[in-house]
Every structure is written in structure tokens, then in C-alpha cells.
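Since the structure comes first, as C-alpha cells, the remarks are kept for the end.
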Amino acid sequence: MPEFKTSPGTRDILAPDSGRWRAFQDVFAKTVEAAGYTLIIPPMFEDLDVFLRLGEATEVVSKEMYDFHDKGGRHVALRPEQTASVCRAFVEHRPTTPWKVWYAGPNFRYEKPQQGRYRQFDQVGIEALGTDDPFLDAEVIGLGAKFFSNLGLTRVKLSVNTLGDAGDRARYSQVLFEYFSRHESTLSSESRATLARNPLRVLDSKRKPDQELIANAPAIRDTIGGEAKAHFESVLGALEALNVPYQVNNRLVRGLDYYRRTTFEFVSTVLESAHTAIGGGGRYDGLVEALGGPATPGIGFALGLDRTLLACDAEGAFAAPKNTVEVFVVDTVDGMHAQTICNLLRASGVTADRAYDLRSMKAQMKAADRSGASVALIIGPGEAQNSTITLRPMNSGEQYSIPRSDLVGEVLKVLRR
RNA sequence: GUGGGCGUAGCUCAGUUGGCUAGAGCGCCAGGUUGUGGUCCUGGAGGUCGCGGGUUCAAGCCCCGUCGUCCACCCCA
């Protein structure tokens, strides 16, 4: 056993998974940059207060914050998500609106780790600030759906809902509180605790005894005002025009307290574990204001990398890319030939690797095989003597000699480039 | 934070009712006569049995603690 291991809830991502991560982010970037979103790279930690504005009732904030005091006495926290940072950046830089950004990177939450849930976990996401145009809602949601399909996923279910405006939300919360309070005796003990904290969250309960109560609970639709209702209808209409399949789930409330109006969630229907939500988001029209900026509407989503990749595994989609070199150089003379040949090939845009330590021909050929290279170049005493190279395509038993001066041309020819 | 399962070579795991120098497969290394990998054969390296206590003549096997991991709950990506 090694003396040191990664901290709980963290891990190393090695090849080939690391290549898959990068490809994942590339696909995401391509998807959203096609719609005009630009990359933002916020810091990984901020003043604790930035995140406290997400709402004290949010568990991510109240229980799971990775915070500490730095040497300057500042109370900072590793970001639990990036929406707050993006809004803070908006207030700090005041870009022209609509401001459409995307991000990718790790977030931190101090939780008990499980599969699909880590203390350091990666998300990709987008945020769009400055307009409450329902077409923007549909664009954001549609990009999420588009991304999943670009990955090759087909079993992703999209649920949408509206929470109404700030006043509606509070009113609905009150309605729910009264409703559940009337039936408190049949409510699970966990949900009773939740009820006191945040009545909306009771709708999220997956506990058996609560299911019937939840099914019969009053729906938000009956509580919200006409304006929010009209907005929601427009969003649904725009989604239909985009051919984005969805289903309205009026029990969908989501974990962050800042959501207003549109909320949505992507669930993989092939994942077995409890962690089937692979992404989610919504409108957060009060957040910029809460961070000291002008009243600015905003909407966005975040998708979990780990969980989405688990979904990919389950669907047999988006395999890790093969990260192999094209040419492998075997040099049993002195190692210097391998160096100059590799150098020359790389300068010509051909990826090339070699063996070290002047090992036996057999060992070097074995390394060539392992490297996945499609071509091996062999330099032994004979080749060194005549200034030739033996070129061996790895998938055939045949090989031939080429003049050293024709190296690059011959290699490009064999690689068909 | 609560409850439960697990923790033996780099990896996946065996290890019988506690009993001699702890095993297998894969991987790795070296060979298999005269420079050549992917199959096959032979040999080799590699383990304070997570860690710390305890019970016992004797513990990888039992007990306690601790750490890690997995599963469920909570919550969420």
C-alpha cells in the first residue's frame, strides 16, 4: 500500500479516461460555441459570501461548502457550482447583454462520496444573462438536449417546469406547507424535517410513504401569475418548434433556491444507481441582483461529467478515443538514430514514439506493438551501415527497406496522408 | 451526517473448521540458438494480507478501534 492516496472523493483521471474527458469538453464547446456562447474561466474559489447568496436554505451552501480562511484572513470557499461565479463576474465586468458564456471545470462539495458523486466533480455548463425572452429559455434547454445527442446518448429524458416569479414561489411554498402540514402524520420523518426547512423540497422526496401525498399535492400552475404562466407557455411552444422532446413535471423543483420560472432536468433512464440526474438548470432572475448588480434575468444549466459518462457507458456510447502514436522507432544500434528519426517525423507532423535503454529487438518490437503504432521503423547495424531504414507495417508480416533520405515521404505514403 | 458490505501482489480475485517459507489469472521483465511484435512454452521480479491494538501456543482468517472504498438514506451533477 502506498503511503499517499488521493483525498476522499477525489481521484486521478488517467488515459484513456482522460482523453475521453477532453473529448467530452470538446464536443460541448463545439455544441455551444455554434450558438454564440464564449468561454469563461472563473476562479475556483471566491469569497464565501458570493456563494451564500445562493440561498441559506440551499444544502449545497448550508452543509457542503468547502470553505477555509486564507493567510490573509479572508474567508473563502471552493466553488460548489459556477453559476454564482458567472453572475459575480457579470456584476464585476458589466458586459453587454445578452451575455452568453460556457464553462467547464471542477466544483467542490463536502459530501460523503459515492459512485457518481465526488467531492471534486466536473461540470460543463452555459449561462445566458440579460434577457428573459422565452426563446432564450428554449435555446438553452435545446442546447443541453443537443449536446447529449451529439454524444450519442438516446435515453435521456427532459423534464421541465415553472416555479413562477419570486412572489409565486413564496406563495406556492406556503400552499405546500399548509397542505403537507395537514397530512403531517402520514409524512415520513425526513420529509417532516424538510418541510420545516423548505416545503418545496418535500416534492423531491423519493420515500414511499410520501409518494401519494406528493401525487395529490397542489400544483404550482394554479398558484402562478399570468405573466409567468404566459412565459412558460411560450417556452414550451418554442421547444416544440425546435423539436425538443420534453415532458412537463410540475413536481420538479430542483436543489438550488435561486430558481425562478423555468426549471428543467435531464435524467438518464439507463442508469441503475440513485444518481440518474445528469444535468439540470433553470432561470435565476434574482441572482445578479442578490450579488449587488442591476436586476438582470438569467438562465443556464450545468451537466455532470461523471454521471453523463456513466450514462454513456450504460448506452455503449462515446467510447474513449484511441490515443496512439502513428510510428514507433526501433533502434538497436545506439539510440541516437531513434532520436533523430523521431525528431524529423514529429517536425513533419507525424506522431512518433520510440524505445529507450537500448533494449533487445524483441523488447522494442513488443513496445512498438503496445504503442498502437501502425508502422514500425527499424534501425539495426545493417541499416545504419547502408543509411537505410526497415519499414514494417504492424498489421502485416511484410516489411521492406527504404533509403533514409526518403524517410518522411515514405512514411506519409504508408500512413496515406 | 445515519445504516450496511468490503479492504490479500500493478489489476481482477482464491485462500477451506485460525496451523508449516501466502496462491492463481492478467500485466510486467528475461529467455525459447545467429536483429522482429501480436499466438504459444519456460523462468523471474513483485505482497509489513489497509493501519493500530487485543484474544491465542499460533491470525489473512476471531474481537475492538481507525482509515479507505462501495451500497442505501440524505442531498445532488
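Since this is a predicted model, take the numbers as computed values, not measurements. Residue numbers begin at 1 in each chain, while the letters A, B, ... track the order of the sequences.
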Tell me what [X] touches on the nucleic acid: a base, only sugar-phosphate, or nothing, going by heavy atoms under 4.0 Å.
X      : value
A/Q364 : nothing
A/K366 : sugar-phosphate
A/G125 : nothing
A/G9   : sugar-phosphate
A/R11  : nothing

Task: Interatomic distance, A/L153 atom CG to A/I278 atom CD1 [nearest 0.5 angstrom] - done: 6.0 Å
In whole angstrom, give me the gap between the [atom1] atoms of [N] and [M].
N      : M      : atom1 : value
B/rU33 : B/rU17 : P     : 48 Å
B/rA30 : B/rU39 : P     : 16 Å
B/rG53 : B/rC61 : P     : 14 Å
B/rC28 : B/rG65 : C1'   : 38 Å
B/rA24 : B/rA9  : P     : 14 Å
B/rC51 : B/rU8  : P     : 10 Å
B/rC49 : B/rC6  : C1'   : 14 Å
B/rU2  : B/rA58 : P     : 37 Å

TODO: Check A/T31, A/I299, A/V32 against A/I126 for a side-chain contact (heavy atoms from CB on, under 4.5 Å) and give me the one that passes.
DONE: A/V32
Give none if [N] has no partner; otherwise give the nucleotide forming a Watson-Crick or G-U wobble pair with it, both distances under 3.5 Å.
N      : answer
B/rG3  : B/rC71
B/rU21 : none
B/rG65 : B/rC51
B/rG43 : B/rC29

How many whole angstroms separate atom [atom1] of [X] from atom [atom2] of [N]?
X      : N      : atom1 : atom2 : result
A/L151 : B/rA77 : CG    : P     : 18 Å
A/H337 : B/rG35 : NE2   : P     : 19 Å
A/L271 : B/rA77 : CG    : P     : 15 Å
A/Y66  : B/rA77 : OH    : C1'   : 17 Å
A/Y103 : B/rA77 : OH    : P     : 10 Å
A/L78  : B/rA77 : CG    : C1'   : 17 Å
A/M365 : B/rA30 : CE    : C1'   : 18 Å
A/K112 : B/rU69 : NZ    : C1'   : 10 Å

Open item on the list: For a side-chain hydrogen bond (donor to acceptor under 3.5 Å, both in side chains) check, start with the C-alpha distance between A/T324 and A/R370, then their side-chain angles and the critical distance, and finish with the verdict.
Closed with: CA-CA 9 Å; A/T324 54; A/R370 248 197 311 260; over 6 Å; no
[X] side chain: which of [options] is closest?
X      : options                : result
A/R117 : B/rC75, B/rG3, B/rU69  : B/rC75
A/Q123 : B/rA77, B/rA30, B/rC71 : B/rA77
A/Q114 : B/rC74, B/rC75, B/rG31 : B/rC74
A/D369 : B/rG38, B/rG1, B/rC75  : B/rG38

Is there a donor in the side chain of [X] and an acceptor in the side chain of [Y], or the other way round, less than 3.5 Å apart?
X      : Y      : answer
A/Q120 : A/T10  : no
A/E127 : A/T83  : yes
A/Y103 : A/Q123 : no
A/Q174 : A/Y179 : no
A/E315 : A/T154 : yes

Open item on the list: At a heavy-atom distance below 4.0 Å, what parts of residues 320-332 of chain A sit against RNA chain B?
Closed with: none
Task: Residues in contact with RNA chain B, drawn from residues 378-414 of chain A - heavy-atom cutoff 4.0 Å - done: A/I378, A/I379, A/G380, A/E383, A/R392, A/M394, A/S396, A/Q399
Task: Cation-aromatic face contact A/R261/A/F232, 6.0 Å, 45 degrees - done: no
TODO: Considering only NZ, NE, NH1 and NH2 on the basic side and carboxylate oxygens on the acidic side, decide whether A/D313 and A/R20 come within less than 4.0 Å.
DONE: yes
Task: Heavy-atom pair with the smallest gap, counting every atom of A/T269 and A/K157 - done: CG2-CB, 4.1 Å
- [ ] Check whether any side-chain N or O of A/R370 sits under 4.0 Å from OP1 or OP2 of B/rC29, and answer yes or no.
- [x] yes
Open item on the list: Need to verify one output field. Residue with the more 5' nearest nucleotide on RNA chain B, A/D122 or A/Y110?
Closed with: A/Y110
Task: Which residue lies more 5' along RNA chain B, comparing A/L303 with A/M361 via nearest heavy atoms - done: A/M361
TODO: Look at the rings of A/F24 and A/F147 and say which category their plane angle falls in: under 30° parallel, 30 to 60° tilted, over 60° perpendicular.
DONE: perpendicular
Open item on the list: Could you check whether the side chain of A/K5 and the base of B/rG50 have a donor-acceptor pair of N or O atoms closer than 3.5 Å, going by distance alone?
Closed with: no
Task: Donor-acceptor pair (no angle test) under 3.5 Å: A/E265 side chain, B/rA77 base - done: no
